[in-house]
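Just so you know, residue 1 is the first one in the sequence shown, and it goes up from there.
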Amino acid sequence: MRSYRTLFRTPEFTPFLLSFAAFAAAQTIGGLALATLVFRATGSPLLSAVSLFGPQLAQLVGATFLLSGADRLPPRAILSGLALAFAVGTAVLALPGLPVRAVFAVVLLQGLVASLGGGVRGGLLNEILSKDGYVLGSSVYNMLWGLMQMAGFATGGALLALLSPRTCLLLAAALYVMSALVTRLGLTARPPRSSGRPSVSATWRTNALLWSSRPRRLTYLGLWVPNGLVVGSDSLYVSYAPGAAGTLYACGALGMFVGDMAVGRLVPPAVRPRFATPLRLLLAAPYLFFVLRPGVALSAVAATVASVGFAASLVLKEHLMSLTPDDLAGQALGLHATGMAALQGVGAALAGTLAQLISPATAMTLMAAGSVTVTLTLAALGRHEKRQSAVTGTRPDVLSEPAATD
């Protein structure tokens, strides 16, 4: 499947995207409003960054206990329920006089609930599309995420100039409700992809299975760590340029859109694996110049160029799927989504702490330098793995372990 026309003729692909679009718009508008609300109330770059990306830390807990549900629960019901839970939580965040502690309690609960979302969506996309359409469909999915971030942050920034953060949070809650309705009315009720009950033991066993292979471990780390460190830099936009944070986030989303379109549509499948390391380096390199404290215009250009590098996730997710059996696709993608979200939360907390001690600009540069170091290290380990496989005559991309059952 190499054309967008064929892709959009696939049944349920369009409502799947529309429901995600409403959810993503709610997340961006609500996240920017909450970060602004917390920064105005506390003046803290750390608390502002954690309010925007902190919920993702809670997803790590969800991955430990709940992730087996990604393949063992009906996807439509789970996605509808998640959207409604986020609607309720966002409406609570809009309550006047809510203490900061209570704000973070709600935010962490949202992150815990969200731990199922990435795996359920990823597994459902893998189910809706044929094998040859996965990368193109995944690129459209990522492009939509970039577009909704761009539109959401730009719209959120404009709304915050006209309305209060609490009003913007209520608008985000309404968008979550819309996402739930589109999911319920536009998608077919599918049975779970895997048999057995969701349980903590099933989650641990399958996570251990997925983590047991060195090639999969390196792939997961490549998806999580460089990305998480750069998102730590992104999380400081509000404190780095309080009046232009929406613009910087929108420019980053534009770069993400361009990168996903180029890699998903224009790069031939045989060539794609070669782009994994260069794209991850591109993701971090422009932030190395933030130590010079560039103005808003140059910062926007840097954010746009750097965010093209997020397309590395397409290449690495395609490789991950080649290492994983179909009945574990949801949990494999869910482990990726929750691990990535957790590392983004760690990155935001680390960057916020550094910004408190030094400055947002210097903290952004240090996070980018860390990302470059990790990418180069993982690339060297990957080359070593290939050399070992060539010597032993084994293929690192074959899954030899049996699928986990419950």
Side-chain angles (χ1 to χ4, degrees), residues 21 24-36 39 45 48-49 51-53 56 139 141-160 223-224 226-264 278-290 293-314 340-341 343-345 347-348 351-352 355 360-361 363-365 367-368 370-372 375:
Q27 208 165 27
T28 51
I29 293 173
L32 183 60
L34 183 62
T36 302
F39 188 67
S48 174
S51 69
L52 188 56
F53 293 98
Q56 297 163 325
S139 75
Y141 178 85
N142 286 357
M143 285 159 57
L144 179 64
W145 172 233
L147 279 174
M148 297 317 298
Q149 281 191 310
M150 187 165 46
F153 284 127
T155 303
L159 288 173
L160 285 169
L223 283 162
W224 295 344
N227 179 301
L229 292 171
V230 170
V231 167
S233 295
D234 293 352
S235 72
L236 298 177
Y237 285 163
V238 172
S239 54
Y240 178 79
T247 299
L248 295 180
Y249 281 120
C251 288
L254 174 62
M256 188 188 305
F257 174 85
V258 171
D260 286 329
M261 181 175 64
V263 172
L279 284 170
R280 280 178 287 170
L281 291 174
L282 177 63
L283 179 63
Y287 288 101
L288 297 174
F289 298 98
F290 272 72
R293 292 174 172 80
V296 171
L298 289 177
S299 297
V301 172
T304 304
V305 173
S307 295
V308 172
F310 281 116
S313 66
L314 287 177
M340 181 181 68
L343 264 293
Q344 288 178 351
M364 294 164 85
T365 302
M367 299 297 287
S371 181
V372 169
T375 293

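Between T28 and L32, the closest side-chain pair of non-hydrogen atoms is not below 4.5 Å. Contact check for L279 versus V263: side-chain heavy atoms found under the 4.5 Å cut-off. Counting heavy atoms from C-beta outward, V231 and F310 have side chains that approach closer than 4.5 Å.
Shortest non-hydrogen contact noted between M367 and G347 is CE-O, 3.4 Å. The shortest non-hydrogen separation linking S239 to P360 is OG-CG, 3.8 Å. Pairing each heavy atom of L144 with each of A21, the nearest pair is CD2-CB, 3.9 Å. In terms of heavy atoms, S235 sits closest to A351 at OG-CB, 4.2 Å. Here the closest heavy-atom approach between residue L236 and residue A355 is recorded as CD2-CB, 3.9 Å. Taking both residues in full, the closest heavy atoms of Y240 and A361 are given as CE1-CB, 3.7 Å, listed atom of the first, atom of the second, then distance.
Within the model, atoms CG of L283 and CE of M256 stand 9.0 Å from one another, a figure rounded to the nearest 0.5 Å. Here the straight-line distance linking atom OG1 of T36 with atom CG of L159 works out to 11.5 Å at 0.5 Å rounding. Of the inter-residue distances, the one linking L314 atom CG with L223 atom CG reads 10.0 Å to the nearest 0.5 angstrom. Interatomic distance, OG1 of T155 versus CE of M148, reported as 8.0 Å (0.5 Å rounding). The CG atom of D234 lies 11.5 Å from the CG atom of L229; values are rounded to the nearest 0.5 Å. Between L288 atom CG and M364 atom CE the span is 11.5 Å, to the nearest 0.5 Å.
Remark: the backbone N or O of A253 is not paired with any side-chain donor or acceptor of S307 at under 3.5 angstrom.
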> Checking side-chain contact (heavy atoms from CB on, under 4.5 Å) for the pair Y287/S371: CA distance, chi angles, key distance, verdict?
Replying inline: CA-CA 10 Å; Y287 288 101; S371 181; over 6 Å; no

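Residues satisfying the side chain to side chain donor-acceptor pair (under 3.5 Å) criterion with D260, sequence neighbours excluded, are absent altogether.
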